Amino acid sequence: MTEPKAPEIIVIGAGIIGVSSALALLRAGHRVRLLDRTGVAAETSSGNAGAFAFTEIEPLATPGIMRKAPKWLLDPLGPLAIRPAYAARIAPWMLRFWRASWPDRYEGGVKAQSSLMTLSRAALERLLPTVDGETRIRREGQLQLFESKSEFEASLPSWEARRQQGIRFDLIEGQQAIAEIQPGLSPRFTHAGFTPDWINVVDPAQWTRHLGHQFVTEGGILDTAEVRALTPGESWVEVVTSTGSLRAGQVVVAAGAWSHHLARGLGDKIPLETERGYNTTFASCDFDLRTHVTFSRHGFVVSKIGEGVRIGGAVELGGLQLPPNYKRAEILLRKAKSFLTGFDPEGGTQWMGFRPSLPDSLPVIGRSPTAERVIYAFGHGHLGLTQSAGTAELVAALAAGRTPEISLAPFAPQRF
Ligand SMILES: Cc1cc2nc3c(=O)[nH]c(=O)nc-3n(C[C@H](O)[C@H](O)[C@H](O)COP(=O)(O)OP(=O)(O)OC[C@H]3O[C@@H](n4cnc5c(N)ncnc54)[C@H](O)[C@@H]3O)c2cc1C
């Protein structure tokens, strides 16, 4: 007699979180089906800056941010903006964002983010040799630039928070010292912090597709279908899709910025919003970029992608429906041209992506409070690529009923 097959685990969403989770579940011995309405790396995971930013442990809602925010918000093309048509909709999220900036919550946020970063870094190092990953990453560090002593000094609490979490960095003063790490920068940058342990992928879309390919090669099933609803049954979850219904033993919701729609259908109200980000990618570039460069004050980064560069960042609170405002990408590009000496590439491809963001900058990783066979893994905001390998290990532990390696209390879906 053949043994009855164990029920499938269905993972919804083939962005970096879903693909990584599906691969980890498959390798843990489950039968896994990965569903996406479009395909692998169809949304945010395709065009991001490609950084494993393990050192970024601070939530966006830092103490005092609400004093700075109005100044930013007055500039409609500044690094943080709310689309007027979305201002009323985003108000409840902003209230929670403000609460997350209270010192005790901020400190709890730093600790939780740190624990996930430590796990994610170790998980990435575990993953790399098993997927021929070393040739697909760059270990070139990150340079965060400041334009004055006072701006640099204002950043010192953040560096102190990193120091307390054991993160290595060098603080640098003077243009010559900065040029030793990255030549060709405008003399306006007088101070910097260099984090040598930062890693980048060569190309985030290719990386996600590579992991997706690995999943299929190892026996995972990848299907194209939009998931419309989840209905918990006695010992299964019914997954209602655009191509029919499926039954799963467990379901992982990793649908990025769209995940809360599925959660709401189960009765879980999770305040997921999107921080829209913009960038421009050039397939080739003459500027000798040696590390990942962050222009703190201006809210954007320059990173190597393939043989070229990607310039972008910014945060626009504007929901999932409003059309993109590519003036944001243009502004960042104009600034980059004045910051990087001799950088004047032609053309470039503009992109907007939907960061899936919770107000406290922590993802939701845990079982649905209303449907125990549903595991949530979404809301990684600015850090989805960074935290993908760690999240995948946590999802695999939850699915197997094992105690996860870190406390998941700060990431619980019901924390709001
Ligand atoms: C400008 C910018 C720069 C960034 N830079 C970085 C960086 O350097 N480092 C970093 O760590 N992070 C970065 N991020 C954030 C990172 O890109 C995201 O956190 C990450 O991509 C989220 O991955 P995800 O898998 O959760 O979502 P997504 O990649 O958006 O994937 C979600 C998937 O779910 C599918 N889906 C949605 N609803 C359904 C449904 N009902 N049925 C079936 N499928 C569905 C979608 O088609 C999509 O493929 C950046 C983001 C932006 C915008």
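Nothing here was measured: the structure is a model prediction, and the numbers come from that model. Numbering of ligands and ligand atoms starts at 1, following listing order.
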Sequence neighbours excluded - ring-ring contact (aromatic ring centres under 6.0 Å, His included) pairs with any residue from residues 248-270: W258-F354
Polar proximity ligand 1 side, [X] side, N/O cut 3.5 Å exclusive:
X    : result
I17  : yes
L262 : no
A51  : yes
V227 : yes
T386 : yes
R355 : no
D36  : yes
W351 : no
I16  : yes
I12  : no

Return all side-chain donor-acceptor pairs below 3.5 angstrom for residues 228-237, not counting sequence neighbours, or 'none' if the list is empty.
none

Protein residue, atom and distance nearest to atom 38 (N) of ligand 1, heavy-atom basis: R37 NH1, 3.4 Å
Identity and separation of the nearest protein heavy atom to atom 13 (C) of ligand 1: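 Nearest protein contact, heavy atoms only, for atom 13 (C) of ligand 1 is H382 O, 3.1 Å.
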4.0 Å heavy-atom contact, G50 with ligand 1: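 Distance cut 4.0 Å: G50 passes for ligand 1.
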Heavy atom of A225, distance to ligand 1 below 4.0 Å: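 Judged by the 4.0 Å heavy-atom criterion, A225 does count as contacting ligand 1.
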Residues E8 and R33 bridged, charged N to O under 4.0 Å: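 Looking at E8 and R33, the cut-off is met.
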Lys/Arg N to Asp/Glu carboxylate O, R367 vs E372, below 4.0 Å: no
Please compare [options] and report which has the shortest non-hydrogen distance to [atom].
atom                    : options              : value
atom 50 (C) of ligand 1 : V40, V201, L383, N48 : N48
atom 27 (O) of ligand 1 : G15, G39, G381, G256 : G256
atom 30 (O) of ligand 1 : N200, T241, T44      : T44
atom 23 (O) of ligand 1 : S45, S303, G384      : S45

Reference residue N200; test side chain to side chain donor-acceptor pair (under 3.5 Å); the match among H292, R139, E140: H292
Q142 and T195: CA distance, side-chain angles, deciding distance, side-chain hydrogen bond (donor to acceptor under 3.5 Å, both in side chains) verdict: CA-CA 5 Å; Q142 178 243 15; T195 44; 2.9 Å; yes
E275 and ligand 1 - part of the residue with a heavy-atom distance under 4.0 Å: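 For E275, there is no contact with ligand 1 at all, from either part.
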S46 and ligand 1 - part of the residue with a heavy-atom distance under 4.0 Å: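 It is neither; nothing of S46 touches ligand 1.
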Distance-only side-chain donor-acceptor flag, Y278 / N325, under 3.5 Å: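 There is no such pair between these side chains.
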S245 side chain to E238 side chain, donor-acceptor N/O pair below 3.5 angstrom: yes
E316 vs R328, salt bridge (Lys or Arg N to Asp or Glu O under 4.0 Å): CA-CA, chis, key distance, verdict: CA-CA 9 Å; E316 180 188 67; R328 281 190 191 289; 3.0 Å; yes
On the 0 to 90° scale, with breaks at 30° and 60°, tag the [X]-[Y] ring pair as parallel, tilted or perpendicular.
X    : Y    : result
F97  : W93  : parallel
F295 : F339 : tilted
Y376 : F378 : perpendicular

Provide the number and element of each atom of ligand 1 under 4.0 Å from a heavy atom of [X].
X    : answer
L385 : 10 (C), 11 (O), 12 (N)
G13  : 33 (C), 34 (O), 35 (C)
E43  : 30 (O), 46 (C), 47 (O), 48 (C)
A49  : 3 (C), 4 (C), 5 (N), 6 (C), 8 (O)

Between F152 and H191, ring centroids under 6.0 Å: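 Yes - the distance between ring centres of F152 and H191 falls below the 6.0 Å cut-off.
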T190 and F146, any side-chain heavy atoms less than 4.5 Å apart: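 No, every pair of side-chain atoms sits at 4.5 Å or beyond.
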